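As a basis for the values below, the full set of heavy atoms in this structure was taken, side chains included, without hydrogen atoms, waters or symmetry mates. As the structure is a computational prediction, the values presented were derived from the model and not from experiment. So you know, we letter chains A, B, ... as the sequences are listed, proteins then strands, and number each from 1.
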There are 2 protein chains.
Amino acid sequence: MEKYQQFWCFRLGAITRKISREYNTRFLEFGITLGQSFVLFDLLEHDGAGIKDIAGRVQLDSPAVTGLVDRLSRQGLVERIDDPSDRRSVKILLTEKGKELAGRLLPIAQEYNSCIKDAIDSLDVPIFERSLTQLEQNL
Amino acid sequence: MEKYQQFWCFRLGAITRKISREYNTRFLEFGITLGQSFVLFDLLEHDGAGIKDIAGRVQLDSPAVTGLVDRLSRQGLVERIDDPSDRRSVKILLTEKGKELAGRLLPIAQEYNSCIKDAIDSLDVPIFERSLTQLEQNL
DNA sequence: GACAAGATGTTAATATGTTATTAATTTAAA
DNA sequence: TTTAAATTAATAACATATTAACATCTTGTC
């Protein structure tokens, strides 16, 4: 076993890519990718949010969200409208089609998330989740 | 807390990006990125390997490794030479400069890997690593 | 030996993510 | 009030990752 293969960063990256690939496969028939779905899910609870707010919650930089919103809007799932209270800003709104799709994708994502949890000992799940929280907080 | 933010996929992705960013910052002065460093580290133990072998070990597709090797070779850190035993294939060799740099980066990476482990309770480390192994095996 | 099937690496097209820069606007300060 | 500083989103440039298509070469079978 090579040294670098024990780096958490390497292992986390490989696992994340594998999971993302599976999500993307499941979402393929809807024409959506995993990253795009997070924006849709976010808008379900924050319809009309600006780019920066979305970026903060999905933990991406603004330019990345700009790109995701571009692709979603090209599919008629979201709309950009000017923010009347701040002309620099933009409000992202779910269209009917987008709202409907987001509602359809959410249970699919939740179901696969359960599958992932099943991959490890059920007794270890709370500890694993606690570790994730600590990584989020302490890095 | 939004639903999607509890998806392991979301959390793992965000953590991985954060760690990668820190590695890339530490490697910046060497003109190297995290992904490129994995290829260098791999060659330390498998000098002369082919693209497909490297891809298998670093868990990427061949085209991704082709790109990484392109950038490394542009910096004179690796060399492509024809495989005399199979004319489809290519051997990737570390140059002196590449070998020297890989040896210099490895301890930096190991040191930051320890930092990351310090982010979680030391008692939880073995369980977290066991969970990673199970995710690798069962997904 | 000839041909079909498989293997190897590259290229192209698309999506993702980061950093730096820019344009437009708002806020704060002098 | 005029100017300086900060904010918002977009763009450009680059690196990364995946899939599909391709060219080249090897191998196995007849």
| note | Residues passing the side-chain hydrogen bond (donor to acceptor under 3.5 Å, both in side chains) test with Thr95(B), sequence neighbours excluded, are none
| note | Winner on side-chain proximity to Val90(A), out of dT25(C), dA15(D), dA9(D), is dA9(D)
| note | For Leu28(A), the hydrophobic cluster (side chain heavy atoms closer than 4.5 Å, chained through members) also holds none
| Protein-nucleotide distance (Ile19(B), atom CD1; dT18(C), atom C1'), rounded to Å | 17 Å
| field | ring pair (Phe, Tyr, Trp, His ring centres under 6.0 Å) partners for Tyr23(B), two or more places apart | value | Phe27(B), Tyr112(B)
| request: To the nearest Å, give me how far apart CZ (Arg87(B)) and P (dG9(C)) are. | output: 15 Å
| said: Any carboxylate oxygen within less than 4.0 angstrom of a Lys/Arg side-chain nitrogen, looking at Glu22(B) and Arg17(B)? | reply: no
| task | Remember a base hit wins even if backbone is also touched, and classify Asp86(A) as base, sugar-phosphate or nothing at under 4.0 Å, heavy atoms. | result | sugar-phosphate
| note | Nearest-nucleotide check on DNA chain C, Pro84(A) vs Leu34(A); residue mapping nearer the 5' end is Leu34(A)
| query | What's the closest nucleotide to the Arg21(A) side chain, out of dT19(D), dT18(C), dT10(C)? | reply | dT19(D)
Give me the distances for all protein-to-nucleotides 2-5 of chain C N/O pairs that come in under 3.5 Å?
none

| query | Between the base of dT26(D) and the side chain of Arg88(B), is there any donor-acceptor pair under 3.5 Å? | reply | no
| query | Hey, quick one: are Leu44(A) and Ile51(A) part of the same hydrophobic cluster, counting side-chain heavy atoms closer than 4.5 Å, chains of contacts allowed? | reply | yes
| query | Gln36(A) has an atom CD; how far is it from atom C1' of dG17(C), in whole Å? | reply | 14 Å
| request: Heavy atoms only: give me the nearest Glu136(A)-Lys18(B) pair and the separation to one decimal. | output: O-NZ, 3.1 Å
| ring pair (Phe, Tyr, Trp, His ring centres under 6.0 Å) against Phe38(A), all qualifying residues, sequence neighbours excluded | Tyr4(B), Phe10(B)
| note | Within residues 41-69 of chain A, those residues having any heavy atom closer than 4.0 Å to DNA chain C are Leu60(A), Asp61(A), Pro63(A), Ala64(A), Leu68(A)
| query | So, Asp82(B) and Lys91(B), do they make that salt bridge, N to O below 4.0 Å? | reply | no
